[in-house]
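Just so it is clear: chains get the letters A, B, ... in the order the sequence lines come, proteins before strands, and each one is counted from 1.
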Protein chains: 2
Amino acid sequence: MGTTTPPSTADLMEAVAAVGTAYFQDFAAAAARHGLSSSQAKALKSLREPVPMRALAGRLGCDASNVTGIVDRLEGLGLANREASAGDRRVKIVTITDKGLEVLDQVQRDMAKAHRAFASLSPEQRTALDGLCRQVLPLLTG
Amino acid sequence: MGTTTPPSTADLMEAVAAVGTAYFQDFAAAAARHGLSSSQAKALKSLREPVPMRALAGRLGCDASNVTGIVDRLEGLGLANREASAGDRRVKIVTITDKGLEVLDQVQRDMAKAHRAFASLSPEQRTALDGLCRQVLPLLTG
DNA sequence: TATTGTTATACTCTATAACTATA
DNA sequence: TATAGTTATAGAGTATAACAATA
């Protein structure tokens, strides 16, 4: 007792995938409760700072042509606006509205399961998990 | 030095979301390299054991009506089959083919970034991360 | 009556390619 | 020429509602 066999890489990937899936389901459910799709909510999250259409596509990891529709819908809901860029008349800068900011905050507060799950960890466990995420992320991204 | 301020729940959620996003992008890219969408690959993953259509919908977290199309496409690719159930003539049981199993294994081996990322952790770190995932998961799921 | 799988419908997300207006 | 955003198009995922076959 007291010693544990380390999990295989495959097992660890399974565990991480399960946590990721559950997390994003919680996110999607919270977004849906406020009338947003996952993509719309994810876009809104990227708009705490004004972002050109093209850059938004990069953040969402999708083609630029998709962003037109996503921002159209956010604009239709009164959650974002397109503004002209000062320097380059080709670019449009997407800005979140006050209402958009309010809805975004509501969505994030509304992720009840995620809050419960991570708030249940001790300070030491939170520090450990955060550190492991930060160590793993660059290799996962690169 | 030597002491760190524990991250806020919000910061921790950000870190977990980033890892989850990167993980699923790696998964989607590996699936795409083998001609599969994320949903198709996820379905295939659920088929290591034969599963009725309805139960597959549950595992995928989507409506039963969607599974018809997803399995149609897997069947079209020769990766899965629909078989009649012995006891209940209403239910169809989805079975993975040998080719499907082969493609699934290739996809999972092909997640190069995820393998590199998690293999880079020490045995102690792997044990810690796995334990934290397992502790958090029930609260995230329930 | 209830359940399983399917179909019909509509909306969203996605990529590719072609277009426009700028640069 | 090259780039930013849009449009057109097509394929896929998603939910809702209605349906046939079976329980």
Side-chain angles (χ1 to χ4, degrees), chain A residues 21 24-47 50-77 79-95 107, chain B residues 21 24-25 27-47 50-77 79-95:
Chain A
T21 297
F24 290 120
Q25 280 177 355
D26 195 39
F27 178 69
R33 262 173 250 131
H34 295 274
L36 297 177
S37 70
S38 288
S39 290
Q40 289 164 358
K42 193 177 169 192
L44 219 47
K45 254 179 74 172
S46 300
L47 292 178
V51 179
M53 295 289 286
R54 203 100 200 159
L56 185 53
R59 293 207 196 185
L60 298 179
C62 70
D63 192 83
S65 61
N66 306 324
V67 179
T68 299
I70 294 172
V71 173
D72 279 352
R73 284 164 214 122
L74 289 179
E75 214 165 10
L77 294 168
L79 307 179
N81 283 318
R82 272 175 252 235
E83 296 181 0
S85 169
D88 188 333
R89 286 194 299 178
R90 290 173 304 178
V91 350
K92 296 178 187 174
I93 296 176
V94 191
T95 307
V107 168
Chain B
T21 298
F24 290 121
Q25 280 177 355
F27 177 69
R33 263 174 249 132
H34 296 275
L36 296 178
S37 70
S38 288
S39 289
Q40 289 164 359
K42 193 178 170 192
L44 220 48
K45 255 179 73 172
S46 300
L47 292 178
V51 178
M53 295 289 286
R54 203 98 200 162
L56 186 51
R59 292 206 196 186
L60 297 179
C62 70
D63 191 84
S65 61
N66 305 325
V67 179
T68 300
I70 293 172
V71 172
D72 279 352
R73 282 161 216 125
L74 289 178
E75 214 166 11
L77 294 167
L79 307 179
N81 284 317
R82 271 175 253 233
E83 296 180 0
S85 170
D88 187 333
R89 286 195 299 179
R90 290 173 304 177
V91 350
K92 296 178 186 174
I93 295 176
V94 191
T95 307

Are [X] and [Y] close enough that some pair of their side-chain heavy atoms sits under 4.5 Å apart?
X: B/Ser46; Y: B/Leu56; answer: yes
X: A/Leu79; Y: A/Leu36; answer: yes
X: B/Ile70; Y: B/Leu60; answer: yes

**OP:** Report yes if a side-chain nitrogen or oxygen of A/Arg89 is closer than 4.0 Å to either non-bridging phosphate oxygen (OP1 or OP2) of D/dA4; otherwise report no.
**Re:**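 Looking at the OP1 and OP2 atoms of D/dA4, neither is under 4.0 Å from any side-chain N or O of A/Arg89.
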
Original post:
Which nucleotides of nucleotides 5-14 of chain D have their base under 4.0 Å from a protein heavy atom (B), which only their sugar-phosphate (S), and which neither (-), written as one string 5' to 3'?
Top reply: BBB----SSB

Original post:
Checking side-chain contact (heavy atoms from CB on, under 4.5 Å) for the pair A/Met53/A/Arg82: CA distance, chi angles, key distance, verdict?
Top reply: CA-CA 9 Å; A/Met53 295 289 286; A/Arg82 272 175 252 235; 3.5 Å; yes

Original post:
Between A/Ser38 and A/Phe27, which heavy-atom pair has the shortest distance, and what is it?
Top reply: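 Taking every non-hydrogen atom into account, O-CE2, 3.9 Å.
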
